[in-house]
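Worksheet for the structure shown next.
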There are 2 protein chains.
Amino acid sequence: MTDHASAADTGHVQPLEPRQLEAYFVLLEAVSLLQHAVEQHLRAEGDISYVQFQLLARLFHAPGPLTMTQLADGVVYSRSGLTYQAGLLEKAGLITRGPCPDDERATRVTLTDAGRDLFHHVLPGHVRLSRRLLFDPLSDDDVDHLGDIMTRVRDHMRAQPPRSAAPRKRRTATPALPAEAAT
Amino acid sequence: MTDHASAADTGHVQPLEPRQLEAYFVLLEAVSLLQHAVEQHLRAEGDISYVQFQLLARLFHAPGPLTMTQLADGVVYSRSGLTYQAGLLEKAGLITRGPCPDDERATRVTLTDAGRDLFHHVLPGHVRLSRRLLFDPLSDDDVDHLGDIMTRVRDHMRAQPPRSAAPRKRRTATPALPAEAAT
DNA sequence: TATTGTTATACTCTATAACTATA
DNA sequence: TATAGTTATAGAGTATAACAATA
């Protein structure tokens, strides 16, 4: 029974409480449904993705222009991904990129009038949709509690060390099998 | 002021309560972070995506084989997407596809031993990760409430009529602009 | 006719690595 | 050396439409 597996230590892990498991899966499922609906709406109404909407929203709510890095924050997980999205938004005339006076390395991203307009154009439907899908079945208390819970979770996750969690890379077509040798 | 916009009726929409807005954004942000971490773990540990993990999980928890349609349920939003994923899983030896005795049109999907093994191989780390990221900062009450809330939301969304929500398709590179004429 | 599933195809998005330039 | 950003490129994933076969 001392099968200390190679990388993952497939040893004894307390299984999740049934309620935890349920909460976990239903959370991801519900958000997935919500995301999908939101994506469809944004695409139909403004021809943007949710990521792009987030970027516009960040610029909209910021006091002024942002650098690429500031813009990326919780939205995109790779530098090149952001450059790609910013390229699309710029090509569409929704943002502008220029040099940053403070730091010559940085790029200053500015929301254009068209970007602001598009945001305003898309927002009401977005609000309606989120209300219809997410808030209709919830009480005010639920909303408060949900916001509180997810804020704590987010802050907790942000505080976590990166933990690259990847012992090694697999490139084979065959998925990693659970060490038959350990039997 | 009677600018009844074309499709979206950009008229007066009660803005969301600040708390609602915050709950909405923080929900999506936190889940996005969680998803990203989970995806990375699954890829590193078992070379599968979260979608593929969900498919394996559905098969694992089902009493027996499932048809493609049953398998797709909340996981994938297009038929071809499922065929694609099933193709990958089959190529990796994790599932098997065969004719369905009940309905000659359907495909019977079966989890192989290797699929079961991979699921078991990946699960402990998955549980550890979800615990570390999601459950650590939450009390038992929080978890109960979260599960309850998201269950209601999910059921509500599933009960919603499809509402194709897309007045028309846009294919232009230029995003839909908010009717400058209406100014 | 409606449903189940597959295929072909086009497209979006993401990530890695190599690169440039500034701090 | 470290940070900010871009580029090239490759790969994963998704969706639409056309299709075949069965109910």
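Order of the sequence lines sets the chain letters (A, B, ...), proteins ahead of strands, with each chain counted from 1.
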- [ ] Classify the angle between the aromatic ring planes of B:Y50 and B:H126 as parallel (below 30°), tilted (30 to 60°) or perpendicular (above 60°).
- [x]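 Judged by the thresholds at 30° and 60°, the geometry between B:Y50 and B:H126 is parallel.
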
Identify all side-chain donor-acceptor contacts of residues 53-63 of chain A below 3.5 Å with residues at least two apart in sequence or on another chain.
residue : atom : partner : partner atom : Å
A:R58   : NE   : A:L71   : O            : 3.3
A:R58   : NH2  : A:Q70   : O            : 3.2
A:H61   : ND1  : A:A57   : O            : 3.0

How close or far is atom [atom2] of [N] from atom [atom1] of [X], stated in whole angstroms?
X      : N      : atom1 : atom2 : result
B:Q40  : D:dA12 : CD    : P     : 16 Å
A:L66  : D:dG5  : CG    : P     : 11 Å
B:Q35  : D:dA12 : CD    : P     : 19 Å
B:E90  : C:dT6  : CD    : C1'   : 12 Å
B:Y77  : D:dT16 : OH    : P     : 14 Å
A:E104 : C:dT20 : CD    : C1'   : 14 Å

- [ ] Considering non-hydrogen atoms only, spot the tightest contact between A:A114 and A:G93 and give its length.
- [x]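 A:A114 and A:G93 have their closest heavy atoms at CB-O, 3.6 Å.
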
Task: Pair A:D148, A:T151: side-chain N/O donor-acceptor within cut-off below 3.5 Å - done: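 No donor-acceptor contact under 3.5 Å links the two side chains.
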
Open item on the list: Considering every strand and a 4.0 Å limit on heavy-atom distances, what is the contact class for A:R108: base, sugar-phosphate, or nothing?
Closed with: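 Here A:R108 touches no strand at all.
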
Expected rows: protein N/O vs nucleotides 8-13 of chain C N/O, under 3.5 Å:
residue : atom : partner : partner atom : Å
C:dC13  : OP1  : A:R43   : NH2          : 3.1

Task: Sequence neighbours excluded - ring pair (Phe, Tyr, Trp, His ring centres under 6.0 Å) pairs with any residue from residues 91-118 of chain A - done: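 Qualifying pairs, neighbours excluded: none.
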
Open item on the list: List the residues meeting salt bridge (Lys or Arg N to Asp or Glu O under 4.0 Å) with A:R105, not counting sequence neighbours, and say none if there are none.
Closed with: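 Once residues adjacent in sequence are excluded, the partners of A:R105 under the salt bridge (Lys or Arg N to Asp or Glu O under 4.0 Å) criterion are A:D103.
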
Counting only pairs under 3.5 Å, give me each side-chain donor-acceptor contact of residues 27-38 of chain A, with atom names and distances, residues two or more places apart or in other chains.
residue : atom : partner : partner atom : Å
A:E29   : OE1  : B:R154  : NH1          : 3.3
A:E29   : OE2  : B:R158  : NH1          : 3.4
A:E29   : OE2  : B:R158  : NH2          : 3.0
A:S32   : OG   : B:Y77   : OH           : 2.9

Open item on the list: Salt bridge check, B:R131 against B:D136: does any charged N sit closer than 4.0 Å to a carboxylate O?
Closed with: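 So B:D136 does not pair with B:R131 through a salt bridge.
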
What pairs of nitrogen or oxygen atoms, one from the protein and one from nucleotides 2-4 of chain D, lie under 3.5 Å apart?
residue : atom : partner : partner atom : Å
D:dT3   : O2   : A:R105  : NH1          : 3.2
D:dA4   : OP2  : A:R79   : NH2          : 3.1

